[in-house]
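Here the structure comes first, spelled out in structure tokens, and everything after it is commentary.
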Amino acid sequence: MKIILFGPPGAGKGTQASLIQKQFDIPHLSTGNIFREAIKNETELGKKVKKILDAGDLVPDHVVVDLVAEELEKDHYANGYILDGFPRTVSQAESFDQLLKSKKQNLDAFIFLKVPEEELVKRILARGEGRSDDTEEGVRKRLAVYEKETKPVKEYYEENDIVFEVDGTGTVDQIFARIRALLEN
Ligand code: ADP
């Protein structure tokens with residue numbers, strides 16, 4: 001099963017993706033996690049993206065697209081995957097479509113985790129993961145980038161009839177139960 005888990009920053013994509021991974025045995029690919037790991041390990045990629053992440057901006061499309069294409073070559077993802085944080089622009093979605101087409105593959109579901117904006121800010125500031133972009137200013141910036149660059153990605157997929165909206169409020173278990181019901185059908 002190939003799934004895109006989509007939603008604004010703070011919607012709980014990472015948390016839900018790990019639960020889906022466990023329940024359905026599908027690997028989770030988070031571009032944000034890959035970037036944070038690269039920054040921590042001070043790799044070439046990490047050096048290239050650190051300032052961008054700290055500012056709450058988006059990493060250039062070609063960098064992300066190449067990274068995801070390379071990652072998906074691994075055997076690990078042969079039977080499917082959950083994408084979290086990608087695609088984040090319409091251009092990334094178009095490139096990803098091309099990639100799938102070239103492999104004669106299809107996407108099974110685009111899950112939109114819907115959470116009101118005020119709740120998002122509260123959650124991110126409360127999660128206290130110590131992420132350098134989790135300041136009030138950083139969060140507002142990421143939300144603004146989401147509205148402008150990322151939200152149109154949902155409209156892009158709506159043309160394919162694979163978009164499922166899930167209420168992203170409530171407890172982690174309640175939200176997961178909604179996703180699970182959807183994926184079991
Ligand atoms: P969140 O959604 O909570 O802000 P993520 O972990 O998904 O966090 O992403 C953190 C940062 O990583 C983003 O603000 C952005 O700088 C960078 N990033 C992650 N995925 C992408 C992507 N697909 N395109 C461009 N930048 C990305």
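Counting starts at 1 for both ligands and their atoms, following the listed order. This is a predicted model, so every value here is computed, not measured. When reading the values below, keep in mind they use all heavy atoms of this one structure, side chains included, and skip hydrogens, waters and symmetry mates.
Checking only distances, Arg88 does come within under 3.5 Å of ligand 1, N or O to N or O. Residue Gly85 has at least one N or O atom closer than 3.5 Å to an N or O atom of ligand 1. Between Asp57 and ligand 1, a contact under 3.5 Å exists for at least one N or O pair. Taking any N or O of Arg142, backbone or side chain, at least one lies under 3.5 Å from an N or O belonging to ligand 1. Between Ser30 and ligand 1, no pair of N/O atoms sits closer than 3.5 Å. Any N or O atom pair closer than 3.5 Å counts here, and Pro87 shares no such pair with ligand 1.
Paired with Phe110 under the rule ring pair (Phe, Tyr, Trp, His ring centres under 6.0 Å), one option of Phe86, Tyr157, Phe96, Tyr156 passes, and it is Tyr157.
At a heavy-atom distance under 4.0 Å, only side-chain atoms of Val64, from C-beta outward, approach ligand 1. Looking at Arg127 against ligand 1, only its side chain comes within 4.0 Å, counting heavy atoms.
Side-chain atoms of Asn185 come within 3.5 Å of backbone atoms of Ala181 as a donor-acceptor pair (strictly under, hydrogens ignored). In this structure, the side chain of Gln174 engages the main chain of Thr171 through a donor-acceptor pair within 3.5 Å.
Ionic pairing of Asp134 and Arg142 is present here: one or more N-O contacts between side-chain nitrogen and carboxylate oxygen are shorter than 4.0 angstrom. Salt bridge present: Lys154 and Glu158 bring a charged side-chain N and a carboxylate O closer than 4.0 Å.
Taking every heavy atom of Lys13 and a limit of under 4.0 angstrom, the matching atoms of ligand 1 come to 2 (O).
The protein non-hydrogen atom at the shortest distance from atom 26 (N) of ligand 1 is Val59 N, 3.0 Å. Of the protein's non-hydrogen atoms, the one nearest atom 8 (O) of ligand 1 is Arg131 NH2, 3.2 Å. At the shortest separation from atom 24 (N) of ligand 1 among protein heavy atoms lies Gln92 NE2, 2.9 Å. Atom 20 (N) of ligand 1 has its closest protein heavy atom at Thr31 OG1, 2.7 Å.
Thr43 and Asn41 form no side-chain donor-acceptor contact under 3.5 Å, judged by distance and modelled atom types alone.
Residues Leu100 and Tyr81 approach most closely at CD2-OH, 3.5 Å, considering heavy atoms.
Closest to atom 11 (C) of ligand 1 by heavy atom, among Val68, Leu53, Val139, is Leu53.
Ile20 contributes atom CD1, which lies 9.5 Å from atom CG of Asp84 (distance to the nearest 0.5 angstrom).
Atom NZ of Lys40 has 12 or fewer neighbouring heavy atoms from other residues, nucleotides or ligands inside a 6.0 Å radius.
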